[in-house]
Amino acid sequence: MPLLSWWWALWISSSIAGGLVARLSASATTLDALIAASAALVLVDALNLAAAVLAIGVVRTIDRLQRDAAQTSGAHA
């Protein structure tokens, strides 16, 4: 399930990047540093958004696979 792998990679990446951006934001003492931290935060948010979209895809795929398995086994969904 490559969708799951992509979601996992994005989730881990956004978590690591979020931690780095938090440190960057905490140490920002100038306006330029705050602007850079804000721009980095926007990128982290984009990673989180992409991970969320993939998570929806993962859940839908799992749901479809479970429904297919239930239909082939004769169970009622």
Side-chain angles (χ1 to χ4, degrees):
M1 214 159 88
L3 187 64
L4 181 62
S5 298
W6 279 106
W7 167 78
W8 190 242
L10 276 175
W11 183 78
I12 290 173
S13 298
S14 69
S15 296
I16 292 169
L20 294 173
V21 169
R23 288 183 184 174
L24 180 66
S25 297
S27 65
T29 57
T30 66
L31 181 58
D32 287 338
L34 289 170
I35 291 171
S38 294
L41 184 59
V42 169
L43 293 176
V44 171
D45 286 343
L47 285 175
N48 282 324
L49 180 60
V53 169
L54 290 179
I56 291 168
V58 168
V59 171
R60 285 184 175 176
T61 300
I62 291 170
D63 180 60
R64 181 180 46 81
L65 291 171
Q66 288 179 336
R67 288 177 189 268
D68 291 347
Q71 286 179 351
T72 58
S73 69
H76 298 287

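Scope of the values below: all heavy atoms of this structure, side chains included, with no hydrogens, waters or symmetry mates.
- When every heavy atom of V58 is checked against every heavy atom of W7, the shortest pair comes out as CG2-CB, 4.2 Å.
- Interatomic distance, L43 CG to N48 CG, rounded to the nearest 0.5 Å: 11.5 Å.
- Nearest heavy atom pair, residue A17 against residue L47, reads CB-CD1, 4.3 Å.
- One finds the CD1 atom of I62 at 7.0 Å from the CG atom of L4 (value rounded to the nearest 0.5 Å).
- For the atom pair OG of S5 and CG of L10, the computed distance is 11.0 Å after rounding to the nearest 0.5 Å.
- Linking ILVMFWY residues whenever their side-chain heavy atoms come closer than 4.5 Å, directly or via other members, leaves V59 and L54 in distinct clusters.
- Of the candidates V21, L49, I16, L20, V44 forms a side chain to side chain contact (heavy atoms under 4.5 Å, CB included) with just one, namely V21.
- Minimum heavy-atom separation, L34 to A28: CD2-CB, 3.6 Å.
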